[in-house]
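Just so you know, these numbers use all the heavy atoms, side chains as well, and skip hydrogens, waters and symmetry mates.
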Amino acid sequence: MNVVILGASGKIGKFIYQKVSQGRLIPQTKNLILQFNKNRIKKLPSKIKTKMIKMNILSKKSINKFIKKLPEEINVLINLLSTFEETPFQTDNKKIEKTIISNFLNQAILLKEILPKVENGIIFQFLDVCVNTPYTKNYFWYSVSKNALFSFFKHFEEYKKNNNLPYKIVYILPKNIKNNGYKEIENIISTCTNKKNNFVEYYTI
């Protein structure tokens, strides 16, 4: 089984990587691919073949290089890519541009190439509680970008259903993750990877 974690160098990404490497999560994993940007990931001893690839989500050139290094089939895709930066409505245009490009525009370009590889697999898409209750003060544009990505996936769902294609999509909407939240994430991934039928599920943590 090929497992890809985007944003593996973040707090949640490191937690999931550790559990997968220990064989405690997605035990069928044979190949594990970890994407990171600036923060490198510490190599953990594991029987699982692990590849770490640097990719800058703000660079289309970097995205294209990353895509070429992916296997033709991905069984589990865990997307944790996100730029969480304070972006009130009245803010610098460069901050707005960075947030929209990072959290939506370039992610849509990346996902366009990755999702066909996950045709018969499962997608774990981490978003944010702002999808349901938008942030309207310090994180206005962050909230806009997350809602745009969610809209992309809703259209993708319809594309799958209307074309009779298999779909297994899990949306995870975290807020402030504490100890119990990490355990809940572990349980969600474990439970959903064992399900066989088509499904779309939502979890707010």
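A distance-only check finds a donor-acceptor pair linking the side chain of Ser62 to the backbone of Asn56 [under 3.5 Å]. Checking side-chain atoms of Ser21 against main-chain N and O of Tyr17 turns up a donor-acceptor pair under 3.5 Å. Checked by atom type and distance alone, the side chain of Lys19 never pairs as donor or acceptor with a backbone atom of Ile26 at under 3.5 Å. Under the 3.5 Å distance criterion, the side-chain polar atoms of Thr191 are matched with a main-chain donor or acceptor of Asn187. Checking side-chain atoms of Asn106 against main-chain N and O of Ile57 turns up a donor-acceptor pair under 3.5 Å. For the pair Thr29 (side chain) and Pro27 (backbone), a donor-acceptor distance under 3.5 Å is absent. Under a 3.5 Å cut-off, the side chain of Thr99 and the backbone N or O of Lys95 do form a donor-acceptor pair. A donor-acceptor pair is defined here as one N or O able to donate and one able to accept, closer than 3.5 Å; no such pair exists between the side chain of Tyr159 and the backbone of Leu165. No side-chain donor-acceptor contact under 3.5 Å links Lys43 to the backbone of Met52. With hydrogens and angles disregarded, a donor-acceptor distance shorter than 3.5 Å links the side chain of Ser145 to the backbone of Tyr142.
Across all their heavy atoms, Pro88 and Phe140 have their closest contact at C-CB, 3.9 Å.
Ile189 pairs in a side chain to side chain contact (heavy atoms under 4.5 Å, CB included) with only one of the listed residues (Val170, Ile78, Asn194, Ile122), which is Ile78.
Enclosure of atom NZ in Lys154 by more than 12 non-hydrogen atoms of other residues, nucleotides or ligands within 6.0 angstrom is indicated.
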Q: Evaluate the side chain to side chain contact (heavy atoms under 4.5 Å, CB included) criterion for residues Val3 and Ile33: first the C-alpha distance (whole Å), next the side-chain angles of each, then the deciding distance (0.1 Å), finally the verdict.
A: CA-CA 6 Å; Val3 177; Ile33 298 162; over 6 Å; no
Q: Report the C-alpha separation of Tyr171 and Phe124 in whole Å, then their side-chain angles, then the decisive distance to 0.1 Å, and conclude whether the ring pair (Phe, Tyr, Trp, His ring centres under 6.0 Å) test is met.
A: CA-CA 6 Å; Tyr171 300 104; Phe124 291 93; over 10 Å; no
(Q) Run the side chain to side chain contact (heavy atoms under 4.5 Å, CB included) test on Ile185 and Ile205 for me, step by step, so that the C-alpha distance in whole Å, both residues' side-chain angles and the decisive distance to 0.1 Å come before the verdict. (A) CA-CA 8 Å; Ile185 289 170; Ile205 302 171; 3.4 Å; yes
**Q.** Lys168/Thr193 under side chain to side chain donor-acceptor pair (under 3.5 Å): CA gap, chis, key distance, verdict
**A.** CA-CA 9 Å; Lys168 297 180 180 67; Thr193 49; over 6 Å; no
(Q) Would Phe199 and Tyr167 count as a ring pair (Phe, Tyr, Trp, His ring centres under 6.0 Å) here? Give the steps. (A) CA-CA 6 Å; Phe199 60 85; Tyr167 57 90; 8.2 Å; no
Q: Please lay out, stage by stage, how Phe153 and Ile123 fare under the test side chain to side chain contact (heavy atoms under 4.5 Å, CB included).
A: CA-CA 10 Å; Phe153 267 98; Ile123 302 159; 4.1 Å; yes
Q | Stepwise side chain to side chain contact (heavy atoms under 4.5 Å, CB included) check, Glu119 with Lys160 | A | CA-CA 10 Å; Glu119 186 68 63; Lys160 287 277 205 172; 2.9 Å; yes
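A continuous path of hydrophobic side-chain contacts links Phe36 to Ile12 [ILVMFWY only; heavy atoms under 4.5 Å]. Linking Ile, Leu, Val, Met, Phe, Trp and Tyr residues whenever their side-chain heavy atoms come within less than 4.5 Å leaves Leu25 and Leu6 in two separate clusters. Side-chain heavy atoms closer than 4.5 Å link hydrophobic residues (I, L, V, M, F, W, Y) into clusters, and following such links, possibly through other members, connects Leu115 to Leu149. A continuous path of hydrophobic side-chain contacts links Ile5 to Met1 [ILVMFWY only; heavy atoms under 4.5 Å]. Leu77 and Phe126 are not part of a single hydrophobic cluster, where members link through side-chain heavy atoms under 4.5 Å apart.
Checking Ser9 against Lys38 by side-chain atom types alone, no donor-acceptor pair falls below 3.5 Å. Residues Gln107 and Asn79 have side chains that bring a donor and an acceptor to within less than 3.5 angstrom of each other.
Rounding to the nearest 0.5 Å gives a distance of 8.5 Å between CG of Leu81 and CD of Gln125. Note that OG of Ser151 is 8.5 Å distant from CG of Asn147, once rounded to the nearest 0.5 Å. To the nearest 0.5 angstrom, Lys69 atom NZ is 11.5 Å from Met55 atom CE. For the atom pair NZ (Lys51) and CG (Asn2), the distance works out to 10.0 Å, reported to the nearest 0.5 Å. Atom CG of residue Asn75 and atom NZ of residue Lys117 lie 12.5 Å apart, to the nearest 0.5 angstrom.
Leu127 places none of its side-chain heavy atoms less than 4.5 Å from the side chain of Ile172. Residues Lys49 and Lys30 fail the side-chain proximity criterion, which asks for heavy atoms closer than 4.5 Å. Using a 4.5 Å heavy-atom threshold, the side chains of Ile177 and Phe15 count as separate. Using a 4.5 Å heavy-atom cutoff, the side chains of Ile63 and Ser59 are not in contact. Side-chain atoms of Val4 and Gln35, non-hydrogen and from C-beta on, never get closer than 4.5 Å to each other. For the pair Val129/Thr204, a side-chain contact is recorded, criterion being any heavy-atom separation below 4.5 Å from C-beta on. Residues Tyr135 and Asp128 are in side-chain contact: their nearest non-hydrogen atoms beyond the backbone lie under 4.5 Å apart. Two residues are said to be in side-chain contact when any heavy atoms from C-beta on lie closer than 4.5 Å; Thr87 and Val144 fail this criterion.
Aromatic ring orientation, Trp141 versus Phe89: parallel (interplanar angle below 30°, classes split at 30° and 60°). Ring geometry, Phe152 versus Phe156: the interplanar angle falls under 30°, so the pair is classed parallel (tilted spans 30 to 60°).
A salt bridge links Glu186 with Lys183: the distance from a Lys NZ or Arg NE/NH1/NH2 to an Asp or Glu carboxylate oxygen falls below 4.0 Å. Classification of Lys161 and Glu157 as a salt-bridged pair holds, one side-chain N sitting under 4.0 Å from a carboxylate O. Using a 4.0 Å cut-off between a side-chain N of Lys or Arg and a carboxylate O of Asp or Glu, Glu201 and Lys195 qualify as a salt bridge. Using a 4.0 Å cut-off between charged nitrogen and carboxylate oxygen, Lys98 and Glu85 count as a salt-bridge pair.
With a 6.0 Å cutoff to the six-membered ring centre and a 45° limit on the axis angle, Lys68 does not count as a cation-pi contact of Phe66.
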